[in-house]
Protein chains: 2
Amino acid sequence: MQDIEKHLLHRDVQDALELIGGRWRGAIMTSLCGSPKRFSELKEDLKPITSRVLTKELRYLEQNKLINVERSTAAANSVLYTHSEHGSSCGPIILQLRDWAIKHREIMLEYLKE
Amino acid sequence: MQDIEKHLLHRDVQDALELIGGRWRGAIMTSLCGSPKRFSELKEDLKPITSRVLTKELRYLEQNKLINVERSTAAANSVLYTHSEHGSSCGPIILQLRDWAIKHREIMLEYLKE
DNA sequence: TATTTTGGTATCCTCAAAGATACTAACCCG
DNA sequence: CGGGTTAGTATCTTTGAGGATACCAAAATA
């Protein structure tokens, strides 16, 4: 492996972690794994997130094509958030992150016992 | 899937993203995927990271058992950072994150063309 | 012995992410 | 018509991650 490639490698990882990192983005994508949701459902699921932050993060994810936003023209006050095709492709990674976090917790508990 | 389980699901993901999220943690773990490294090698690889931040993040990763720190008793001014057993188990996930980020970049370029 | 390298500390500062709180236009339901 | 719900905005404030800069003791090296 060349130096340049190594360098690019962690730059890519940084990019990925900016997309789904931070306090809420990963959680939002996770919440949408189960099923499409409306704003209020997301807010409930991610409590104690605030409207302001949820709006901002949803706009970010929309701009980065990770979610689709169906602002139904007919019944106006209803907006559906769903994974985009590419957004749903991070589902498996998220599941692995979850499993890894659970394993991590167990390992930390082991150390605390000793 | 029950509501409670859904709730736990994204909490776990948030935990994982705290462990390897932020500006540098994922990159450090990535850099250590290739081979064990010394402080100065990490600093070079992760340029423009500062000593202060690198130290802080390494201590965090050490406390969370994701890396081992070999402070060689014999030759004192030499410290080796390596993945712990559990730390190395996030290697595959990191590779997938990298692939996913690369794919994301391509997709965004597609949209810009149109 | 002098100099450089290594692996850090010590302070101070900035800025952006996130929270608290209040408010609102449009709709929908009875 | 009136009250509640939906999907947000508008301000203001806080917090802490991360950066800039300077400094340092111990060890290696020349």
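So you know, we letter chains A, B, ... as the sequences are listed, proteins then strands, and number each from 1. Computed from a prediction, not measured in an experiment: that's the story for all the values here.
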Could you tell me how far apart [X] ([atom1]) and [N] ([atom2]) are, to the nearest whole angstrom?
X	N	atom1	atom2	value
A:Lys43	C:dA20	NZ	C1'	12 Å
A:Leu80	D:dT6	CG	C1'	13 Å
B:Phe39	D:dA27	CZ	C1'	16 Å
A:Glu62	D:dA7	CD	P	14 Å
B:Leu42	C:dT6	CG	P	13 Å
A:Glu70	D:dA7	CD	P	13 Å
A:Leu46	C:dG19	CG	P	11 Å
A:Glu41	D:dT6	CD	C1'	11 Å

Looking at every strand, decide which applies to B:Tyr60 at a 4.0 Å heavy-atom threshold: base, sugar-phosphate, or nothing.
nothing
If you apply the rule salt bridge (charged side-chain N to carboxylate O under 4.0 Å, His left out), what do you find for B:Glu114 with A:Lys65, and how did you get there?
CA-CA 14 Å; B:Glu114 287 163 15; A:Lys65 311 291 178 191; over 6 Å; no
Looking at residues at least two apart in the chain, or sitting in another chain, which of them share a side-chain contact (heavy atoms from CB on, under 4.5 Å) with B:Lys56?
none
To the nearest 0.5 angstrom, please state how far the NE2 atom of B:His10 sits from the CD1 atom of A:Ile28.
10.0 Å
Out of curiosity, B:Met29 CE to B:Leu19 CG, how far, rounded to the nearest 0.5 Å?
9.0 Å
Under a single-linkage definition using a 4.5 Å side-chain heavy-atom cutoff for Ile, Leu, Val, Met, Phe, Trp and Tyr, are B:Ile107 and A:Ile93 assigned to the same hydrophobic cluster?
no
Please identify which of these residues, A:Lys43, A:Arg25, A:Arg23, meets the salt bridge (charged side-chain N to carboxylate O under 4.0 Å, His left out) condition with A:Glu57.
A:Arg25
Assess whether one donor atom and one acceptor atom, taken from the side chain of A:Asn77 and the base of C:dA26, lie less than 3.5 Å apart.
yes
Report, as a single string ordered 5' to 3', how protein heavy atoms within less than 4.0 Å touch nucleotides 16-21 of chain D: B base, S sugar-phosphate only, - not at all.
--BBB-
Check whether any side-chain nitrogen or oxygen of A:Ser40 sits under 4.0 Å from OP1 or OP2 of D:dA7, and answer yes or no.
yes
Indicate the ring-plane relationship of A:Trp100 and B:His86, choosing parallel, tilted or perpendicular according to the 30° and 60° boundaries.
parallel
